[in-house]
2 protein chains.
Amino acid sequence: MLSNSSKYAVKAVLYLAIHSHKNKKIMAKDIAESINVPQAYLAKLLQELSREEIITSVKGPKGGFYLSDDNRNFSLMDVVNVIDGDKRLNSCVLSLEKCNAEKPCPLHNLISPSKSVFMESLQKKKIKYFSKQIEEGSAFLPL
Amino acid sequence: MLSNSSKYAVKAVLYLAIHSHKNKKIMAKDIAESINVPQAYLAKLLQELSREEIITSVKGPKGGFYLSDDNRNFSLMDVVNVIDGDKRLNSCVLSLEKCNAEKPCPLHNLISPSKSVFMESLQKKKIKYFSKQIEEGSAFLPL
DNA sequence: TCTTAAATATGATTTTTATCATGTTTTAAC
DNA sequence: GTTAAAACATGATAAAAATCATATTTAAGA
């Protein structure tokens with residue numbers, strides 16, 4: 001479903017959503033430690049996200065990463081798409097090219113309803129929604 | 001979600017469900033061609049399934065693979081578990097050890113309902129159910 | 001019994017994914 | 001301006017997954 005890389009990316013973004021803001025940047029190294037992900041690897045992922053402007057970075061001393069208000073309006077789907085591309089999540093469970101609603105493969109009807117609910121909320125719910133969930137105590141860490 | 005290997009395995013089993021029976025064995029090579037999977041690789045997967053008695057094999061000339069009536073009472077979950085092990089499907093979307101219903105990670109509540117529906121039907125519906133779906137025209141090939 | 005066609009077993013290779021390492025650029029603070 | 005701390009860029013290595021190759025075992029049929 002999600003690659004390890006995009007799991008890492010999502011975790012990092014959620015971490016930033018909760019702990020960073022414009023005046024509180026966080027270094028790659030610190031994020032990596034907090035979310036239990038190899039740091040050099042995470043650094044690379046953060047750079048990709050930053051390049052796509054899903055997260056914000058500041059170079060030099062006192063620099064680091066944070067989420068701007070704009071950043072918080074992205075969805076986790078955006079995060080995943082940057083890392084995994086947009087095919088991975090959209091493909092059929094059995095990776096069948098020709099599977100679709102009209103000619104569903106045997107597993108399609110089993111998974112389709114549930115999957116589309118998931119995909120839709122991953123798409124529609126913005127990053128800020130998730131930090132709110134955590135603040136309210138409806139969702140939990142640690143990552 | 002599913003590894004390539006288990007997708008191949010599921011496809012092969014579905015193919016056998018539709019096209020094979022005791023008096024109609026099918027060679028690995030023919031299955032592979034029909035479902036568009038590299039043959040040597042599929043052969044290996046079929047051997048694992050056969051070893052676990054999810055499918056039936058007969059060696060020698062006129063040999064091949066088929067599904068016995070017993071085999072048809074296995075679920076696709078069984079197929080997947082043989083190939084991928086039983087952890088892969090059960091783990092949290094973000095692979096968080098500590099994520100569970102009481103302390104759900106931010107994505108848990110999003111995916112959990114849909115996922116359990118899927119898992120349950122993958123578990124409960126037997127192989128014969130799927131071949132029936134196809135016969136009835138509610139599900140389609142090609143694989 | 002001999003030949004041949006199939007699965008089976010084992011291991012080698014390739015490709016992809018994940019991880020690590022190192023040098024370059026930017027910028028704050030002195 | 002010099003230094004140092006951070007992201008950024010690039011490439012090397014390692015691990016895992018997928019694929020390929022080859023020799024062995026089994027059993028049907030002549």
Side-chain angles (χ1 to χ4, degrees), chain A residues 1-12 16 20 22-33 35-68 71 80 82-85 87-88 94-95, chain B residues 1-12 16 20 22-33 35-68 71 80 82-85 87-88 94-95:
Chain A
M1 178 106 84
L2 302 182
S3 69
N4 250 330
S5 297
S6 65
K7 286 176 193 173
Y8 292 169
V10 165
K11 285 168 70 170
L16 286 173
S20 81
K22 198 170 184 176
N23 303 313
K24 192 181 171 202
K25 293 146 205 155
I26 310 182
M27 291 191 293
K29 184 170 148 278
D30 292 336
I31 303 172
E33 263 173 32
I35 65 175
N36 276 309
V37 164
Q39 49 169 294
Y41 192 45
L42 181 66
K44 221 175 211 179
L45 298 172
L46 292 172
Q47 283 161 33
E48 288 183 60
L49 293 173
S50 157
R51 210 177 304 131
E52 300 295 326
E53 302 185 344
I54 305 273
I55 68 179
T56 305
S57 74
V58 177
K59 279 183 172 184
K62 301 281 173 187
F65 297 91
Y66 71 95
L67 293 193
S68 67
N71 292 150
V80 171
V82 165
I83 305 298
D84 282 346
K87 268 171 267 173
R88 185 162 181 144
L94 295 178
S95 305
Chain B
M1 179 106 83
L2 302 183
S3 69
N4 250 331
S5 298
S6 66
K7 286 176 193 173
Y8 292 168
V10 166
K11 286 168 71 170
L16 285 173
S20 82
K22 200 170 181 174
N23 303 313
K24 192 181 172 204
K25 292 146 205 153
I26 311 181
M27 291 192 293
K29 184 171 148 279
D30 292 335
I31 304 173
E33 263 173 32
I35 65 174
N36 276 309
V37 163
Q39 50 170 293
Y41 192 44
L42 181 66
K44 221 175 210 178
L45 298 172
L46 291 172
Q47 283 162 34
E48 288 183 61
L49 293 173
S50 156
R51 210 177 305 131
E52 300 296 327
E53 303 184 345
I54 306 274
I55 68 180
T56 305
S57 74
V58 177
K59 279 183 170 184
K62 301 282 173 186
F65 298 90
Y66 71 95
L67 294 194
S68 67
N71 293 149
V80 170
V82 165
I83 305 298
D84 282 347
K87 268 172 267 174
R88 185 165 182 143
L94 295 178
S95 305

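All chains are named by letter (A, B, ...) in the order of the sequence lines, taking the proteins before the strands, and each is independently numbered beginning at 1. Since this is a predicted model, take the numbers as computed values, not measurements.
Distance, A/Gln39 CD to C/dA18 P: 18 Å, rounded to whole Å. The separation between B/Asp84 atom CG and D/dA17 atom P is 9 Å, rounded to whole Å. As rounded to whole Å, 14 Å separates atom P of D/dA28 from atom CG of B/Asn23. Atom CD in A/Glu53 sits roughly 15 Å away from atom C1' in D/dC8 (whole-Å rounding). The distance from atom CG of B/Leu42 to atom P of D/dT19 is 11 Å, rounded to the nearest whole Å. Across the protein-nucleic acid pair, A/Leu49 atom CG and D/dA9 atom P stand 13 Å apart, rounded to whole Å. At whole-Å resolution of the value, CZ in B/Phe65 and C1' in D/dT26 are 13 Å apart. With rounding to whole Å, A/Glu48 atom CD is found 12 Å from C/dA18 atom P.
Nucleic acid contact class of B/Lys44 (heavy atoms, under 4.0 Å, all strands): base. Looking at heavy-atom distances under 4.0 Å, B/Ala28 makes contact with sugar-phosphate atoms alone, never a base.
OP1 or OP2 of D/dA17 has not a single side-chain nitrogen or oxygen of B/Asn4 nearer than 4.0 Å. Between B/Tyr8 and D/dA18 there is no side-chain polar atom (N or O) within less than 4.0 angstrom of OP1 or OP2. Look at A/Arg51 and you'll find a side-chain N or O under 4.0 angstrom from OP1 or OP2 of D/dA9. The phosphate of D/dA18 has OP1 or OP2 within less than 4.0 Å of a side-chain N or O from B/Ser5. Contact annotation: A/Ser50 side-chain N/O to D/dA7 OP1/OP2 distance is not under 4.0 Å.
Out of D/dC8, C/dA9, D/dA27, the shortest distance to the side chain of A/Gln47 is found at D/dC8. Candidate nucleotides D/dT19, C/dA5, D/dA12 were compared by shortest atom distance to the side chain of B/Tyr41, and D/dT19 ranks first. Comparing atom distances between the A/Met27 side chain and each of C/dA7, D/dC8, D/dA6 picks out D/dA6 as nearest. For B/Lys59, the side-chain atoms get nearest to D/dT26 when compared with the rest of D/dT26, D/dA27, D/dC20.
Between B/Gly64 and A/Pro61, the one whose closest nucleotide on DNA chain C sits nearer the 5' end is B/Gly64. Both B/Gly63 and A/Ala40 sit near DNA chain C, but only B/Gly63 has its closest nucleotide nearer the 5' end.
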Under the criterion side-chain hydrogen bond (donor to acceptor under 3.5 Å, both in side chains), I'd like the reasoning laid out for B/Tyr8 against B/Ser3: C-alpha separation, chi angles, the key distance, then a yes or no.
CA-CA 9 Å; B/Tyr8 292 168; B/Ser3 69; over 6 Å; no
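To the nearest 0.5 Å, the span separating CD1 on B/Ile31 from NZ on B/Lys11 amounts to 13.0 Å.
B/Ser57 and B/Tyr66 share no side-chain donor-acceptor pair at under 3.5 Å.
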